[in-house]
Amino acid sequence: MSTARTSAVALHGVSASLVEVEADLGNGIPGFVLLGLPDASLSEARERIKAAARNSGIPLANRKLTVNLSPATLPKYGSAFDLAIVVAALAADQQLLASPGTLYMAELGLDGTLRPVPGVLPAVQLARAHGFDQVIVAEENGAEARLVGGIEVIALRHLGQVLAYCGAAKDQITTYLRHRPPQPPGEAGGHAAGAADDVDLCLVNGQQEARLALELAAAGGHHLIMVGPAGAGKTMLAKCLPTIMPPLDELQALEATAVHSITRGGAGELDELQRTPPFVAPHHTASRSALIGGGTAQLIPGAITRAHHGILFLDEAAQFHTGVLDALRQPIEEGYINLARIRGHQRLPARFQLIMASNPCPCGKNFGTGTGCTCTPMARRRYFARLSGPILDRVDLQVRVNPVPQAQLLNSAPNESSAQVRERVMGTRARSQARLGKFSIACNAQIPTQILKNELNYPAKTRAALEQLATRRGLSARAIHRLLRVAWTVADQQEHTAPTADDLAIAGHLRQNVESS
């Protein structure tokens, strides 16, 4: 009897776990047994591996082959184990040598072609953390794997190349390198889902109040809701937000790119870190599981995890199913989501910035005097009631977006561009970081309540104005703290050392009662 071991990686949610692939060749009726809680796609690896090995010139031995994926109690999903299994099986037959310092991660085609798989970036990070010397991946995953430094990446196209690298007899190996047509434009590259490249604030005429709210949202990381009639520019403004936001730092870029690597399904090349904040915009028919993640046998990340360190844009927010938006309450506050199912538990990252847009009523004409609205008062209340009080209480900036007059809409005078606004946003963030850097806080929206109350000082006049405003509006404790965070962002924008009464007034004005729009 002979055995061999290789290493692979199992993905669960957005985390990775090291898996030891053990292959044993024994006496008995020839067969191929795969152990270790494989799913359906992994169970089918037996036939893929047999065909790939045969078409590479070194078929599997006609003996009883047992492959165990350890730890055996950890469920395994997907086809990324194919390469590790075939190398272990051939090493057990003493056809080649399997290096203990190498991680194998690729899917096999029937002809032996190595195909890309999702999650290579977090897998290589895990391999480096466990002291591996090198990883072998499919050619399409090579650029993605090289985003992680400190480990050798070997990107190959065919199983025959892998076997030759592992020391198999070259006179036996048959290598088929099929011609692969170039990818259509837009499929390659390392950009996560984002807003269209051609959007710019210079295309938005008017809407000065909404533009100010958008700038403060970008500078302070604040949540925003815009309520107004159809065609007023809410969606265009939201899509412009990534164009004025600061780029992600190194750690944020690695985390966002790792999430994108796992959730993109292995399609296309990922050759650079995601520096632009991801922009995720699920349709209003999305289910609760699609939004926050879920599943039974396998927990799949949802839209809030794909928007980690970026923007979750909910257009037509009042059209989402009842209860779907309420599922966002905990992730908004904590920056992660705990998914608990009978077969497993996962903690998924969800540090996103929530941007919502909604019509004020079903017909969308309840603005100004409201004379054009044909909805009954009951229909208007029922429509907007889907945006529950607890959700709106967590939204820092709440503005009404009314139609732009035709004369202003058709005006050809140049508007302020995204690049100009972004310069101010970067300056505001820099002033925020000068104050918050010692607390390791990225932006004003993430200031903990204890630091907000005890560490950051503001004038007595501002405190008195805050008390009056909170009393007059009946604000909750959460709303008061969020209002104060926005005031700090306004102060940073105006280059004040602390929020003044005027800064607080601006923050209060941008937290309107949109429910009565």
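Quick caveat: nothing in here was measured; it's all calculated off a predicted structure.
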Shortest non-hydrogen separation from [X] to [Y] and the atoms involved:
X: Ser261; Y: Leu121; value: OG-N, 3.6 Å
X: Asn141; Y: Pro116; value: OD1-CA, 3.0 Å
X: Pro278; Y: His308; value: CG-O, 3.5 Å
X: Ala4; Y: Ala91; value: CB-CB, 3.6 Å
X: Pro277; Y: Gly310; value: CB-CA, 3.9 Å
X: Lys234; Y: Ser358; value: CE-O, 3.5 Å

Under the salt bridge (Lys or Arg N to Asp or Glu O under 4.0 Å) rule, collect the residues that match up with [X], sequence neighbours excluded.
X: Arg478; value: Glu333, Asp393
X: Glu316; value: none
X: Arg351; value: none

Contact between [X] and [Y] at the side-chain level, heavy atoms closer than 4.5 Å - yes or no?
X: Val33; Y: Leu65; value: no
X: Met356; Y: Ile391; value: yes
X: Leu339; Y: His345; value: no
X: Gln319; Y: Asn359; value: no
X: Pro282; Y: Leu312; value: yes
X: Arg275; Y: Glu250; value: yes
X: Ile244; Y: Leu241; value: yes
X: Leu126; Y: Leu103; value: no

Test item: side-chain donor near acceptor, [X] and [Y], under 3.5 Å:
X: Ser417; Y: Asp200; answer: no
X: Gln134; Y: Tyr165; answer: yes
X: Arg435; Y: Asn444; answer: yes
X: Ser79; Y: Glu107; answer: yes

Electrostatic pair Arg128:Glu152 at N-O distance under 4.0 angstrom: no

Please test Glu47 against Phe32 for side chain to side chain contact (heavy atoms under 4.5 Å, CB included), starting from the C-alpha separation and ending with a verdict. CA-CA 9 Å; Glu47 301 305 320; Phe32 191 156; over 6 Å; no

Donor-acceptor contact present, side-chain [X] to main-chain [Y], <3.5 Å:
X: Thr243; Y: Cys240; answer: yes
X: Ser289; Y: Gly294; answer: no
X: Gln398; Y: Val395; answer: yes
X: Asp82; Y: Leu108; answer: yes
X: Arg400; Y: Pro360; answer: no
X: Gln433; Y: Ala442; answer: yes
X: Arg394; Y: Ile332; answer: no
X: Glu255; Y: Gln252; answer: no
X: Arg485; Y: Ile447; answer: yes
X: Ser418; Y: Leu201; answer: yes

Output, in order, the C-alpha distance, side-chain angles, deciding distance and verdict of side-chain hydrogen bond (donor to acceptor under 3.5 Å, both in side chains) for Asp111 and Thr113. CA-CA 6 Å; Asp111 62 351; Thr113 302; 2.8 Å; yes

Can you tell me how far [atom2] of [Y] sits from [atom1] of [X], rounded to the nearest 0.5 angstrom?
X: Ile480; Y: Thr449; atom1: CD1; atom2: OG1; answer: 11.0 Å
X: Ile300; Y: Thr263; atom1: CD1; atom2: OG1; answer: 11.0 Å
X: Leu69; Y: Leu37; atom1: CG; atom2: CG; answer: 9.0 Å
X: Tyr77; Y: Ser41; atom1: OH; atom2: OG; answer: 10.5 Å
X: Leu456; Y: Lys453; atom1: CG; atom2: NZ; answer: 13.0 Å
X: Arg347; Y: Glu334; atom1: CZ; atom2: CD; answer: 8.0 Å

Contacts under 3.5 angstrom, residues 215-233 side chains, donor-acceptor by atom type, not counting sequence neighbours:
{"unit_1": "Glu215", "atom_1": "OE1", "unit_2": "Arg424", "atom_2": "NH2", "d": "2.8"}
{"unit_1": "Glu215", "atom_1": "OE2", "unit_2": "Arg424", "atom_2": "NE", "d": "3.0"}
{"unit_1": "Glu215", "atom_1": "OE2", "unit_2": "Gln493", "atom_2": "NE2", "d": "2.8"}
{"unit_1": "His222", "atom_1": "ND1", "unit_2": "Asp396", "atom_2": "OD2", "d": "3.4"}
{"unit_1": "His222", "atom_1": "NE2", "unit_2": "Thr489", "atom_2": "OG1", "d": "2.6"}
{"unit_1": "His223", "atom_1": "ND1", "unit_2": "Leu354", "atom_2": "N", "d": "2.9"}

Identify every side-chain donor-acceptor pair in residues 6-17 under 3.5 Å, counting partners at least two apart or on other chains, and give the distances.
{"unit_1": "Thr6", "atom_1": "OG1", "unit_2": "Ala84", "atom_2": "O", "d": "2.8"}
{"unit_1": "His12", "atom_1": "NE2", "unit_2": "Pro75", "atom_2": "O", "d": "2.9"}
{"unit_1": "Ser15", "atom_1": "OG", "unit_2": "His12", "atom_2": "O", "d": "2.8"}

Side chain to side chain contact (heavy atoms under 4.5 Å, CB included) evaluation trace for Gln353 with Met245: CA-CA 11 Å; Gln353 187 172 348; Met245 292 184 68; 3.4 Å; yes

Test side chain to side chain contact (heavy atoms under 4.5 Å, CB included) on Tyr104 and Leu114; report intermediate values, then the result. CA-CA 11 Å; Tyr104 303 87; Leu114 301 189; over 6 Å; no

Steps toward side chain to side chain contact (heavy atoms under 4.5 Å, CB included) verdict (Leu34, Ile85): CA-CA 10 Å; Leu34 186 60; Ile85 293 174; 4.0 Å; yes

List the steps, then state whether side-chain hydrogen bond (donor to acceptor under 3.5 Å, both in side chains) holds for Ser432 with Asp492. CA-CA 6 Å; Ser432 300; Asp492 291 331; 2.6 Å; yes

Using the ring-ring contact (aromatic ring centres under 6.0 Å, His included) criterion, which residues pair with Phe313? Sequence neighbours excluded. Phe279

